[in-house]
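Contents: one structure, followed by commentary.
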Amino acid sequence: MPYTDFHEEEITEKPFDARLMVRLLGYLKPYIGWVALAFALILLTSIISQAGPYLTKIAVDTYILKGNFQGLNRIVLLFVGLLLLQFLTSYGERFITQLTGQWAMYDVRAEIFAHLQRLPLAFFDRTPIGRLMTRNTNDVDALNELFTDGIVASFSDLFTVIAIIVYMFYLDTDLALVTCAAVPVMFGVTFWFQSRMLRAFRLARTRLARLNAFLQENITGMDVVQLFNRERRHTEQFDAVNSRYVEANLLSALYNSFFYPIMELIGAVVMALAIWYGSGEVVRSRIDWGILIAMLQYIPRFFWPILDIAERYAILQTAMASSERIFELLDTKPEPEGGNVAPQRATGEIEFRNVWFAYKGEEWVLRDVSFHITPGESVALVGATGSGKTTTISLLARFYDIQKGAILVDGIDIREWNVEGLRRRIGIVQQDVFLFSGNIEENIRLGNQGISQERVEQAAQDVNADRFIQRLPDGYQHTLTERGSTLSSGQRQLLAFARALAFDPDILVLDEATASVDTETELWIQDAVERLMQTRTSIIIAHRLSTIRNADTIIVMHKGEVREIGRHEELLAKDGIYRRLHQLQYSDREKETTVPTVR
Amino acid sequence: MSWNLFQPFWVYLRPYHRRILLSLVLLTGAQIVSTIIPLALKWAIDAAQVGVEASRQTGQTAATAAALHDVTRYAGLILSLALVQMGLSMGMRWGLNSTARFVEYDIRKRYFGHLLTLSLSYFQRTPTGDLMARATNDLQAVRMFLDFGVRMIFTAMLAFGLSLTVMATIDWRLALYALLPMPVLALVMNRIAAKIHHGFRAVQEQFSAITARVQENLSGIRVVKAYVQRTAEIETFRKLNEEYLHKNRALIHIQSLFFPFMFLISGASLAIVLWIGGGQIIRHELTLGEFVAFNTYLTRLVFPMITLGWMIDRYQRGTASMSRINEVLRAQPDIQDASHPATPARIRGEIEFRRVSFAYNGTPVLQDITLRIPAGSTLAVVGRVGAGKTTLARLIPRLIEATQGQVLIDGVPVEQIALQTLRAAIGYVPQDTFLFSATLRENIALGVENAPDTEAAWATEVAQLSNDVSDFPQGLETMMGERGVTLSGGQKQRTALARAVIRRPPVLILDDAMASVDTHTEDEILKRLRDVMAERTTILIAHRVSTVKEADQIVVLDEGHIVEQGTHAELVALGGLYADMYKQQQLTDELSEL
């Protein structure tokens, strides 16, 4: 299904651009042999398909008018033979052309997808998914259309027109000249009308976009419309945009109503001219009947190829705009691959050394953050919303590059690490657990075939996820519907823990979910987190008091800075930020959830 | 197809019935004329042949000249017929095309007009995308049927019938032979079309699978990156992409047959005419002119045959879409004016909830709320997310209606007051600000007619928006939204606030209206609002204690019930939910100052 967003008014057309075209044609290079074959078949088809009237001429002049039955039978057989041949060539031509188009689109789609996988997170932060979907779907289709209905069909039309003209002139030059006199007129008329129709069509399209945007806006904001008694006003406004849309369409309808009848008239004029001049020639015995009859059959055949021109041009323009957007995406710089450091295992030592970071410009999210984590140490990151905790862990996995300072893992700057090598050593559990469609096992293993089923189950057991999985129908093979929306949030978290553990990372990064879960699951989660913390270096954005208490070190972040470091009791005694945070969040734990959380 | 093609659309077509009838008459005329043209061709050729024979046999130049004279006359006839046909055809096309556009306009107008009368609950249960799809895709399908669908169906029927008649008159046996391949054509083409349809659906399904996969991948890109799943993801995509290629290949296989097959079969008809007709010419049973005319009529038969399936499809889509549109148009507005609504000249703003309950889809949201808000006083409502605060506010302007109990303004139940009057008396700032793609001025003056500049200035000033306005490129005339500037959350809320106060309403409802505004600005706004609020009944839904503590009465909602009620001092002393909230607030304030 095409992706529709009534607000996004993208440029949908672009004039011909040779540079883009060359790059586009590059996608056909691997299939050049097939393309050549397709063109040969198109040529052949044009020659064969336009042979019919010529054969009629021979039949009439050589056999029918001479009373030769055998000859007529032979020519009819030849006619049928050519029909069959034409069937084969035109089928082959269409099949090959479209298939080649599909091959090329397969490549384009694969390239876009592969490229998307390598783009930095910052790119995804600023680009709506819908827009990227359009690139991979509608825009790619526009390219396919360009190839099959644009380029190839144009050549087919061109060959057809040329073949007709050649046959006509071969039959009789004078009569052909009389008939072909109409061709430039047809072109002229077509051009005149089609360019105007195209303009009217564009105008209508822009106005339709307005109209739909207005409609969508009003549906979305209907309560405001009604609350502020805007009904009458908005009816008027809608009527205005609706009328403007109709006007544009009526213009287009008007051109349309004139164009086709005029083209029909031209055809009839040519027909009348041919019959008038041709009959005279026949009567004067300058030409034979067959020539005139063949000419009369050729005349209507001119039409379609000429009528198509404008449509081909419109396709070309659409494809130009699409290809420009696709190339723009493909030219977006991928995230760096990093250096060569990619050890099998890491000790898990982490150091943030005067790290400064901003998502954009000088709006610092982290200011001069420094801390050191020894191998095997467990650290709880604590702070109010917006204090920079999530950013800190994103930076560790090099999802973003820092502006100042350095982040070291195993004493090596992460920029010297191979990015994928670094991430393989880190297991990240996000706050909103993302589950893919598929079954439980696939969601723990992801695409890593190296993780055996035993390891998947072991990991699930280690984080207490095993119990609920066993209870699901089909157990580990249970297929998740709608990305696991049927699981409770606690179960989703346990699943994410299992996933992280199955990958056997040296550093575990955990963004604890704040969503409340039932008491039983809560106990399982606490237990799992505790165990995860013991086995390896771990950084946890902690919301649970138990997690914080169990951590070797607590790092308190406030407004993008590290403000306090220490153990639970030390920090409580300090009467600083930690103490207040603690009071705010845990002072009345027994009441479970209190009135609104901190903003 | 029902016998009356237009039946499902008749309501919309009726105003244009003369126009449609005339267009159809013109269409019939055009088809008759274009059926005569090949006949004129035949006459011309036959006349010329008489001349040829005459000159060959007798060498009479007089006969030749007469033949040429006849040919010229017939050529002239063709020309005049063509001109008539052009005229008729222009009129017909314009008639049908424009009618379809007018009907489209009418339906759209009615659709929007109807939406305006539907209540909030309708929009809550019907996704915007669905309503949009009906106004776009479905409407287009209706329009397409009404212009080319109708034109094609009538043209095809007439062209087929007329051509066949003339062919049969010329030589019914030859006509029969020439028609032999036609049933094959109709049958096979429709089968191919059905297969294409089927293959196309398979391709579409695979396409949806790809789309879903890409969307999932992009939504989960963090996980993909964190777990280094690039290669595995590419592999999964490759499989789907390959499957898509295969499905497409199957479709192309069939699709590529369509036109070649059409040419083959229609070519077979031509071959039959050439063979049998040629023999007849030799035996002098058929004239050359008849032969040429026959060929021309044959090509006119092919088109209706191959479009048969297409026309049925168009018709079905058109009617299906029409009924989808009608579904919306038939939805009954559940909140309407009473039969004799009250239209009090002045509303003082005394609000009373009398044992009000509200349930959404059977789930109770508000239960047994009884509350009196004296005119000119301020009520603050606090409580957790989902406690029913917004529902309470929405009951007053009748965006929703109480399941039980009554909401009264100045002692009159709200459902007895004219909606227009009721809503005009209320300045409502909803939780989610909605700005229209219009200028800032239009967005602010939404609920007042011709607001003078001084009013707009006053409203922006109260909402603390004046400074922002002076920063905008065109001040109050700056366009908002998609085609203009994007406002920050706080600016949006302040615009909504200005929109409410400019109405100078007796009742002001602020539903968490300053959530995105920083504390300092909020204080400033509250300071200015106090003057405004002094003379109005105000309902203030908020999270911050600082916002609500000066209200005349504060109500704490929990799970649809009023659990605490009183002034700030009273509630703090009570030591309940409100007191907790107050304590937390103090801590947060302290923290932000560290």
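Letters go in sequence order (proteins before strands), and every chain restarts at 1. For clarity, every value in this text was computed on a predicted model and none was experimentally measured.
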Would Phe436(A) and Thr236(B) satisfy side-chain contact (heavy atoms from CB on, under 4.5 Å), going step by step from the backbone distance to the final call?
CA-CA 12 Å; Phe436(A) 292 89; Thr236(B) 315; over 6 Å; no
What part of [X] lies closer than 4.5 angstrom to a heavy atom of chain B: side chain, backbone, both or neither?
X         : answer
Lys559(A) : side chain
Arg563(A) : side chain
Arg230(A) : side chain
Gln430(A) : side chain

Side chains of [X] and [Y]: do they bring a donor and an acceptor to under 3.5 Å?
X         : Y         : value
Asn448(A) : Gln229(B) : no
Arg109(A) : Asn241(B) : yes
Gln216(A) : Thr128(B) : no

Asn249(A) side chain reached by Phe102(B) side chain, heavy atoms, under 4.5 Å
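No. Closest side-chain heavy atoms not under 4.5 Å.
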Could you tell me whether Glu420(A) and Lys225(B) make a salt bridge, using a distance below 4.0 angstrom between a side-chain N and a carboxylate O?
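Here Glu420(A) does not pair with Lys225(B) in a salt bridge, since their nearest N and O are not under 4.0 Å apart.
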Just say parallel, tilted or perpendicular for the rings of His253(B) and Tyr91(A), cut-offs at 30° and 60°.
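The rings of His253(B) and Tyr91(A) stand perpendicular, inter-plane angle above 60°.
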I'd like to verify something: which residue of Ala268(A), Ala397(A), Ala110(A) has the highest number of heavy-atom pairs under 4.5 Å with chain B?
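Highest number of pairs under 4.5 Å: Ala110(A).
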Picking from Phe95(A), Phe79(A), Phe113(A), Phe69(A), which has the most non-hydrogen pairs under 4.5 angstrom with chain B?
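That would be Phe113(A).
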Is there a side-chain contact (heavy atoms from CB on, under 4.5 Å) between Glu217(A) and Phe434(B)? Walk through the geometry before answering.
CA-CA 9 Å; Glu217(A) 193 171 278; Phe434(B) 191 86; 3.5 Å; yes
Run the ring pair (Phe, Tyr, Trp, His ring centres under 6.0 Å) test on Phe87(A) and Phe263(B) for me, step by step, so that the C-alpha distance in whole Å, both residues' side-chain angles and the decisive distance to 0.1 Å come before the verdict.
CA-CA 7 Å; Phe87(A) 176 73; Phe263(B) 293 133; over 10 Å; no
